Amino acid sequence: MDYKTQVAQSIKDAIGNDLSLDEIVEKIEVPKTLKMGDYAFPAFVLAKVMHKAPQLIASEIVKKVDQADYEKVEANGPYVNFFMDKKLVGKQIVGQVIEKQNHYGDLDLGHEGNVTIDMSSPNIAKPMSMGHLRSTVIGNSLAELLKKTNYQPIKINHLGDWGTQFGKLIEAYKLWGNEEEVKQDPINTLLKYYVRFHKEDQENPELDDEARAWFKKLEDGDEEATRLWKWFREESLKFFMKIYDRLGITFDSYNGEAFYNDKMQPVIDELKKKGLLEKSQGAEIVDLSKYDLNPALIQKSDGTSLYITRDLAAAIYRKNTYHFVQSLYVMGNEQSNHFHQLVAVLKEMGYDWADEMHHVAFGLITSGGKKLSTRRGNIILLEEVLDDAVKLAQEQIEEKNPTLTNKDEVANEVGVGAVVFHDLKNERLNQFDFDLQEVVRFEGETGPYVQYSHARAMSILRKAGMDEKTKIDVQGLADPAAWETIRLLGDFPDMIARAVEEYEPSVIAKYAIRLAKAFNKYYAHTKVLVDDDEKNDRLALVQSVAIVLKEALRLLGVKAPDEM
Ligand code: ARG
């Protein structure tokens, strides 16, 4: 049901051939306040062709429009304001939500096309950073949104399990390492070695040479290097899995950088054959000056590979394996140069599908205004953030609902959900500061607020002896107090389309906040459970809100407890 098109058709019927239906649709505005109606047509766009004053055109349109289709159509200066028939539209929208349940808003934009999503991709032997959290939750939400619009997402965790840093780590371990210590607390211990390495190599540059030599050995399959690498990788992965479990996020592939070890040589050969490789100070590069980019360094002078070499092999592997219609890379803003180089090299190789690769970039998370960095050791540990968030949620639940039976489970859903929601509420390119107290608040524009609104809707339904699935016969509500909520429910499919087109889960998070606010306002002014003719329709509205809030949260990867 497209109400804008309906309004455009009414205008078209009134004005004849001066504008096409599409042109009218494009001109129609949504007024800032409901007092000005639901849609407004700026009649001044016709002033030139009709040789009349806009005010006059507006009042002529009002006279010609079939008023029976609307609650009211009126001229307001040069605008024609359309007020929809609230009862009728309410019946249609709420009726649809209830009929389709959690499938309300499903669209077929993708025709089942595969979309690979390169996401999370933390680095072995380092803690998962807040940046990796962003990549994980944005990627996961995009996967849900893509599924909802009939694409087939393939979530790939491109683990950082190869590269010169492993040379550094092995060197550090050989110098200061202790097996017992690593076993007790792998990531923190390995991080400690790594940070120490970066401190000491300032004074001892020969440490870097040693590290390079270790990485070379690793790439050449040296037994000891391989054994240590495997061990570091396993320990790290165990730890990452714990975090993924807490977030409830799974992957379709854990093929990280090391997976492409035997797939890089063919790419280098192909580059050579296509005449794209050039020698520069002993290294092999691809010149990208025609793209206004620095040359891509493909192979170092000692023959070792680079991050981009592995990404080239990965991109080609993904195309051949998954035949993707789009290939997404959810990684920080700071990797944009890398990404452009990657695409440019593929284009040079003649791969036009590189145009279907998209960098879903995101901004930095800071803490107290400061940038976080593993090298310098100032990081926020993700596990601690989740633990603290759950603890804060627990305290609030204890205060607000001490008799709740499954407190621990709910606290977990609220605490973890709060962190995820907070991350997704920010437009992904924005930088934002992380303040836990703020994140876990039950009021304001937070995840817990949306969850709480959903739980409140569920509790109203419970009091009426209903739940989300009760089939309510909908007649529609004429009550103006319900209108904002109804209209927002009607917007949900558009929001989904927009979120997918812009790769922007924040569209859904912001929408969920608006819907929760509108619903709370409605609920504050209206007694839903009073026995009168409209009781059923009020309950239908409450039920629709519960369904759509829960579905919006699901698309963000956040749970919606029935009670909290
Ligand atoms: N491991 C990298 C990092 O932590 C991110 C990898 C992103 N994906 C890719 N295909 N390059 O910065």
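The model shown is predicted, which means the values in this text are computed figures rather than measured ones. Whatever order the structure lists them in is the order used to number ligands and atoms, beginning at 1.
Cation-pi geometry between K168 and F232 is not satisfied (NZ or CZ under 6.0 Å from the ring centre, within 45° of the ring normal).
Within the structure, side chain to side chain donor-acceptor pair (under 3.5 Å) contacts touching residues 545-562 (residues at least two apart or in different chains) are E144-R554, K148-E551, E551-R554. The list of salt bridge (Lys or Arg N to Asp or Glu O under 4.0 Å) pairs with a residue in residues 127-139, not counting sequence neighbours, reads R134-D423.
In this structure, T149 has no side chain to side chain donor-acceptor pair (under 3.5 Å) partners at least two apart in sequence or on a different chain.
Around ligand 1, the residues contributing at least one heavy atom under 4.0 Å from the ligand are D118, S121, N123, H132, H158, Y307, D311, Y329, M331, Q335.
The aromatic rings of Y503 and H358 sit tilted, their planes meeting at an angle between 30° and 60°. Below 30°, between 30° and 60°, or above 60°: for Y254 and Y244 the angle between ring planes is between 30° and 60°, a tilted geometry.
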